[in-house]
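First up is the structure itself, then whatever we jot down about it.
Chain naming here is simple, since letters A, B, ... match the order of the sequence lines and numbering starts at 1 in each.
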Amino acid sequence: MKETPLSNCERRFLLRAIEEKKRLDGRQTYDYRNIKISFGTDYGCCIVELGKTRVLGQVSCELVSPKLNRATEGILFFNLELSQMAAPAFEPGRQSDLLVKLNRLLERCLRNSKCIDTESLCVVAGEKVWQIRVDLHLLNHDGNIIDAASIAAIVALCHFRRPDVSVQGDEVTLYTLEERDPVPLSIHHMPICVSFAFFQQGTYLLVDPSEREERVMDGLLVIAMNKHREICTIQSSGGIMLLKDQVLRCSKIAGVKVVEITELIQKALENDQKVRKEGGKFGFAESMANQRITAFKMEKAPIDTSDVEEKAEEIISEAEPPSEVVSKPVLWTPGTAQIGEGIENSWGHLEDSEKEDEDEGGNDEAVILDGIKMDAGVDVSHIGSQDAPIVLSDSEEEEMIILEPDKNPKKIRTQTISATQVKAPSKKPVKKRKKKRAAN
Amino acid sequence: MAFLDFRGGSGRVQIVSKRRATCGRHSWSPRVGACVRRTHLVRKRALLGGSNKPRLHVGSGAMEGAMQTESKIRADSRTEPGPRGPGCSLRHFACEQNLLSRPDGSASFLQGDTSVLAGVYGPAEVKISKEIFNKATLEVILRPKTGLPGVAEKSRERLIRNTCEAVVLGALHPRTSITVVLQVVSDAGSLLACCLNAACMALVDAGVPMRALFCGVTCALDSDGTLMLDPTAKQEKEARAVLTFALDSVERKLLMSTTKGLYSDAELQQCLAAAQTASTHVFRFYRESLQRRYSKS
């Protein structure tokens with residue numbers, strides 16, 4: 001679907017509001033929206049909500065052979081997908097620019113910053129290493145996808161547990177989840193992206209732009225930082241020209257924000273771990289709010305299936321037995337056999353349909369839908385008895401026979417049921433004719 | 001021939017001979033030619049009525065007595081945390097609607113640990129190449145959690161699309177498109193049924209006109225022929241056959257069925273009958289969830 005264009009008055013309104021330091025949702029210039037993190041039942045699954053922007057993250061692992069030039073390092077694979085439910089404009093062919101940009105930024109933020117220790121992912125050097133795959137799905141687009149995605153990625157990686165492996169000499173043992181507790185990944189630091197939107201050629205700036213604000217912004221500056229105030233990635237796009245002190249100011253703001261967000265992430269992870277250890281209920285079902293009228297839960301309910309057998313028997317006894325299918329192949333010539341009679345060839349009526357009335361046309365359809373073969377039989381019997389010449393069509397196929405139109409087509413159609421009996425034996429003379437011609 | 005007795009969560013399935021004339025709760029019914037449990041209707045209503053829902057639930061005085069005696073049994077079956085005993089019960093259900101701001105309708109449906117998020121866009125503009133002159137073009141997209149979508153997702157999309165096309169009144173919106181996007185959030189068994197339920201709730205939330213609601217129910221038959229409804233991933237893997245049905249809400253008729261494995265025609269009819277019974281419960285869940293949302297009290 002095409003994106004709904006932004007109207008001029010909406011654009012002007014937004015820009016005027018920003019000039020007066022007002023935002024549509026009432027936030028201040030440097031305020032982030034509410035961040036909510038919820039975890040699923042399997043390790044490595046989380047949903048992050050940044051305001052209304054929602055991202056699902058899942059981490060999975062697999063044992064593979066390492067890359068040739070990096071024989072002792074594990075492999076990291078990141079994939080962000082813009083699901084079609086996130087925005088009507090996200091269609092499979094249409095989102096390539098944005099998608100490539102986001103994926104590349106995410107990769108630089110997580111892979112090049114070496115936040116995950118890839119050496120620890122090595123099992124047997126040169127032969128088997130862990131491949132960690134992070135899949136992110138954008139579920140709802142309300143602006144600032146990159147921040148939400150980076151938070152989801154790092155939270156999922158911190159939450160993930162890989163199966164335990166032990167190497168003794170040449171033997172490698174991979175323990176299942178039941179045998180040994182899974183092991184977390186070794187993560188050095190948590191880089192988080194912070195986005196700054198610039199308006200009016202860099203005069204005004206907003207942190208965490210919403211979708212409307214993103215549409216009217218001039219440029220975007222993304223700074224990926226960790227809580228130790230180390231910049232992992234910095235990217236400026238949109239062609240705005242920023243001054244040095246602007247960039248420095250942004251990095252200071254980013255430092256403060258990242259510390260807050262990292263605290264939130266740590267708290268969420270600790271909570272989840274505590275709940276799992278104590279054996280309480282965890283997962284998305286628990287994080288669903290009870291008080292909302294749009295949410296509803298029902299406990300597990302037993303179903304009475306004691307009368308299932310009786311019902312089934314009733315149905316089977318009342319049902320008609322399946323029709324007997326007896327296939328009798330008839331061999332005409334070596335290499336030509338026939339099973340069944342087939343339905344009526346309706347092409348033969350085409351030339352004659354112009355002469356017939358319009359009512360006939362209606363009758364034709366009804367007859368063909370029934371699938372009753374009748375005309376063929378009756379016409380053929382006529383031909384067989386009268387020995388009339390058979391008109392061949394112009395088609396390339398030599399075996400094609402066009403049946404002559406009958407004098408009283410209506411009468412034949414009502415004789416459908418009786419005609420079937422005539423059909424079987426009468427087919428043979430026609431076929432014999434065909435054979436003769438083939439021989440000639 | 002046997003009938004299944006599911007009493008309580010920890011009870012084993014008892015195979016009872018069909019020709020037993022008298023047993024505690026049953027009476028011989030000559031018409032059907034088998035033991036018929038006469039009291040099951042009252043008890044089922046009581047069981048469903050007694051769960052912890054807000055006051056809006058309608059209950060009669062006669063059922064209260066039954067509810068109290070049954071609540072004890074229910075409490076027992078609920079406190080056991082692990083897998084359900086053999087027999088038939090549906091897992092814990094939860095549904096949230098309208099949770100995404102961009103799609104016209106959205107719903108998240110949870111069945112035990114299986115969770116699917118559905119978003120619906122429509123009726124909306126359609127590409128010329130895909131438009132149908134007299135009805136709406138329905139499109140279903142299913143995305144797995146990890147990896148690229150493959151053939152299994154394509155076939156599930158087709159099944160869900162056929163089900164939706166049977167109920168959605170596409171003729172009211174010709175030359176438009178209705179897109180249902182499903183995202184698997186977690187998969188712990190009965191995935192297709194959960195997708196169908198999520199799709200239905202999302203279509204209701206979007207206000208797409210439909211002639212009936214539909215629900216998905218999965219049955220599994222294990223090697224002894226025991227029937228299990230709403231199987232977990234482990235039960236599905238060990239089952240001899242897994243059957244998924246889509247049923248409509250008006251007359252519990254069959255909209256779609258897809259099966260995997262080996263089973264006899266009698267077993268098929270039994271699974272279908274069991275699914276129809278289970279679908280009553282699912283439709284009650286839909287109704288109460290929508291009542292909660294739209295009622296004034």
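To the nearest 0.5 angstrom, Met85(A) atom CE is 13.0 Å from Asp104(B) atom CG. Note that CZ of Arg143(B) and CD of Glu81(A) are 5.5 Å apart. Values are rounded to the nearest 0.5 Å. With rounding to the nearest 0.5 angstrom, the OG1 atom of Thr294(A) is 10.5 Å from the CE atom of Met201(B). For the atom pair CD1 of Ile293(A) and CD of Gln291(B), the computed distance is 13.0 Å after rounding to the nearest 0.5 Å. Atom CD of Gln84(A) is separated from atom OH of Tyr121(B) by 9.0 Å, given to the nearest 0.5 angstrom. Here the OG-CZ distance, from Ser115(B) to Phe284(A), works out to 6.5 Å after rounding to the nearest 0.5 Å.
Neither the backbone nor the side chain of Glu49(A) comes within contact range of chain B; no heavy atoms are under 4.5 Å apart. Interface residue Leu139(A): backbone and side-chain heavy atoms are both found under 4.5 Å from chain B.
When the heavy atoms of residues 129-136 of chain A are compared with those of chain B, the residues falling under 4.5 Å are Arg133(A), Asp135(A), listed by number. Among the residues in residues 154-162 of chain A, none has a non-hydrogen atom closer than 4.5 angstrom to a non-hydrogen atom of chain B.
For chain A, the option among Leu182(B), Leu268(B), Leu117(B) with the highest count of heavy-atom pairs below 4.5 Å is Leu117(B). With respect to chain A, the highest number of heavy-atom pairs below 4.5 Å among Gln183(B), Lys127(B), Gln111(B) belongs to Gln183(B). If you tally non-hydrogen atom pairs under 4.5 Å between each of Ala118(B), Pro103(B), Ser101(B) and chain A, the highest count goes to Ser101(B). When Gln269(B), Lys145(B), Arg293(B) are compared by the number of non-hydrogen pairs under 4.5 Å with chain A, Lys145(B) comes out ahead. When Gly283(A), Cys45(A), Ala86(A) are compared by the number of non-hydrogen pairs under 4.5 Å with chain B, Ala86(A) comes out ahead. Ranked by heavy-atom pairs under 4.5 Å with chain A, the list Gly112(B), Ala273(B), Ser106(B) is led by Ala273(B).
At least one donor-acceptor pair under 3.5 Å links the side chain of Arg54(A) to the backbone N or O of Leu99(B). Here the side chain of Arg102(B) pairs a donor or acceptor atom with the backbone of His141(A) at under 3.5 angstrom.
You'll find the side chain of Lys297(A) stays beyond 4.5 Å of the side chain of Phe93(B), heavy atoms only. In this structure the side chain of His92(B) never reaches within 4.5 angstrom of the side chain of Met298(A), judged on heavy atoms.
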